[in-house]
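Structure record follows, encoded as structure tokens.
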Amino acid sequence: MRRLVIAGLAVSVLAGCQPTASDDTSSQVPMSPHEAVAAVRQVFQQYVDDWNAPNIDAVLAILADDVVQMPPDTVIVGKEALSADWRQYLEENADVWEPTIDEIQAAGNLVFIRTHSTETWTPRAGGESITSYGQGLTVFRRDASGRW
């Protein structure tokens with residue numbers, strides 16, 4: 001199965017690993033691991049809520065331009081490609097994603113969230129709903145403005 005849209009966020013890196021000019025965090029107010037985890041929990045919940053709304057523009061606004069999504073058997077690189085994939089999918093399906101955070105850890109300006117989830121999608125053209133179960137790893141990076 002190609003789908004597992006969000007559950008298939010086998011690895012969704014919300015920012016690339018290569019430093020950029022916007023990665024200069026020297027002027028940021030330091031954040032404790034506890035504060036970082038709390039902040040990212042809020043962003044992650046907003047991400048889930050926006051997906052289930054569905055409000056794809058709001059979901060995409062959270063993501064870095066160089067986002068990487070790795071659903072089963074493929075890799076989607078970049079916000080533009082992901083946007084096209086998701087928009088087509090949601091034109092064809094109604095979708096509900098219900099992740100549960102299993103682990104969340106902060107390391108400097110990175111926060112890692114490991115989840116398991118249930119995702120149910122229903123073809124808009126009719127047909128039975130399909131439910132899948134998945135696991136995911138999402139990486140958040142705090143940018144120079146302090147935004148996760």
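Computed over heavy atoms, backbone and side chain alike; hydrogens, waters and symmetry mates excluded.
Between the side chain of K79 and the backbone N or O of L63 there is at least one donor-acceptor pair closer than 3.5 Å. The backbone N or O of Q135 sits nowhere less than 3.5 Å from a side-chain atom of R114 that would complete a donor-acceptor pair.
Nearest approach of W148 to G108, heavy atoms of both residues: CH2-O, 4.2 Å. The two atoms that bring V96 and N52 nearest to each other are CA-OD1, 3.4 Å, heavy atoms only. The nearest pair of heavy atoms linking L82 to Q69 is CD1-OE1, 2.9 Å.
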Checklist entry - After noting the C-alpha distance and the side-chain angles of V111 and V139, does the key distance pass the side-chain contact (heavy atoms from CB on, under 4.5 Å) rule? => result CA-CA 6 Å; V111 173; V139 180; over 6 Å; no

Next on the checklist: Run T122 and N93 through side-chain contact (heavy atoms from CB on, under 4.5 Å) and show every step you take.
Outcome noted: CA-CA 5 Å; T122 306; N93 301 282; over 6 Å; no

Item to check | side-chain contact (heavy atoms from CB on, under 4.5 Å) between I62 and V43, intermediate numbers included | outcome: CA-CA 8 Å; I62 293 171; V43 173; 3.8 Å; yes

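A side-chain hydrogen bond (donor to acceptor under 3.5 Å, both in side chains) with D95 is found for exactly one of W121, W86, W51, namely W51.
Ion pairing between a basic and an acidic side chain is recognised when a charged N comes within 4.0 Å of a carboxylate O; R87 and D57 show such pairing.
Surrounding CD of E103 are more than 12 heavy atoms belonging to other residues, nucleotides or ligands, all under 6.0 Å away. The number of heavy-atom neighbours closer than 6.0 Å to CD of E35, taken from other residues, nucleotides and ligands shown, is above 12.
Side-chain atoms of S129 and T120 include no donor-acceptor pair closer than 3.5 Å.
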